[in-house]
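Chain letters run A, B, ... following the sequence lines, proteins first and then strands; every chain starts at 1. Side chains included, hydrogens not; waters and symmetry mates left out as well; all remaining heavy atoms used.
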Amino acid sequence: AQRVTQPEKLLSVFKGAPVELKCNYSYSGSPELFWYVQYSRQRLQLLLRHISRESIKGFTADLNKGETSFHLKKPFAQEEDSAMYYCALSGRGGTDKLIFGTGTRLQVFP
Amino acid sequence: GAGVSQSPSNKVTEKGKDVELRCDPISGHTALYWYRQSLGQGLEFLIYFQGNSAPDKSGLPSDRFSAERTGGSVSTLTIQRTQQEDSAVYLCASSPDSDTQYFGPGTRLTVL
């Protein structure tokens, strides 16, 4: 079965602390993995995708096929990182439907 | 440029009534998706249109839900005989070939 699991509903850290939002997936084949972010009162937007292997707003995520994980990391959290983060997968090329995890709310305190 | 737009932004209806939700995708995007965001279920895929291909309806929760995409552009999601469990934010997204999905602001549906 296709599934994305985000075990933490809420993650609270202080500004400057490291952050890791966990994501595990189950998929038969080679999925494409994404992190989407939704800031307060804004629309859902792409943060990063594993094939790009880039860092966006200081966030990185490495696809670990052995552990079927795609954890999102940032070494030093900022208050403006407070948002809802969704891990998602798609079957091919990013144009197939997205299967989302239930999301993790990140709160960064000053 | 203009992003994905959805209307109405909010819709309150009575149980048993039909509702129509509209999505205007980004011009030139061939793929269009509908998702539902609810407290209990998170973000769920509903239906996917790609060009002239038959839509992928595998996520529609019941036969009360249907969607059309006219002329390869605007899409309408219709929910017949609404139930309270249909209350959610309905999100539309569009995508060019082989690229990122761009989401609209959503329509918040409340069924009383």
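Here CD of B:Glu44 is found 10.0 Å from CD1 of A:Ile99. Values are rounded to the nearest 0.5 Å. Residue A:Ser90 holds its OG atom at 11.5 Å from CZ of B:Phe45, rounded to the nearest 0.5 Å.
You'll find the side chain of A:Leu46 stays beyond 4.5 Å of the side chain of B:Gln101, heavy atoms only. With a 4.5 Å cut-off on side-chain heavy atoms, B:Thr100 and A:Tyr36 count as touching.
Using a 4.5 Å cut-off between heavy atoms, B:Thr30 does not touch chain A at all.
Taking hydrophobic clusters as Ile, Leu, Val, Met, Phe, Trp and Tyr residues chained together by side-chain heavy-atom distances below 4.5 Å, B:Tyr48 does not share a cluster with B:Trp34. Cluster membership check: A:Val13 shares its hydrophobic cluster with A:Tyr39, using side-chain heavy-atom separations under 4.5 Å among Ile, Leu, Val, Met, Phe, Trp and Tyr. Under the 4.5 Å side-chain heavy-atom criterion for Ile, Leu, Val, Met, Phe, Trp and Tyr, A:Leu98 and B:Ile47 are members of distinct hydrophobic clusters. Note on B:Phe65 and B:Leu43: separate hydrophobic clusters, where clusters join Ile, Leu, Val, Met, Phe, Trp and Tyr whose side-chain heavy atoms are under 4.5 Å apart, directly or indirectly.
Not a single donor-acceptor pair under 3.5 Å links the side chain of B:Tyr35 to the backbone N or O of A:Lys97. Proximity of a side-chain donor or acceptor of A:Arg43 to a complementary backbone N or O of B:Val4 within less than 3.5 Å is detected.
Across every non-hydrogen atom of B:Phe103 and A:Leu44, the tightest pair is CB-O, 3.5 Å.
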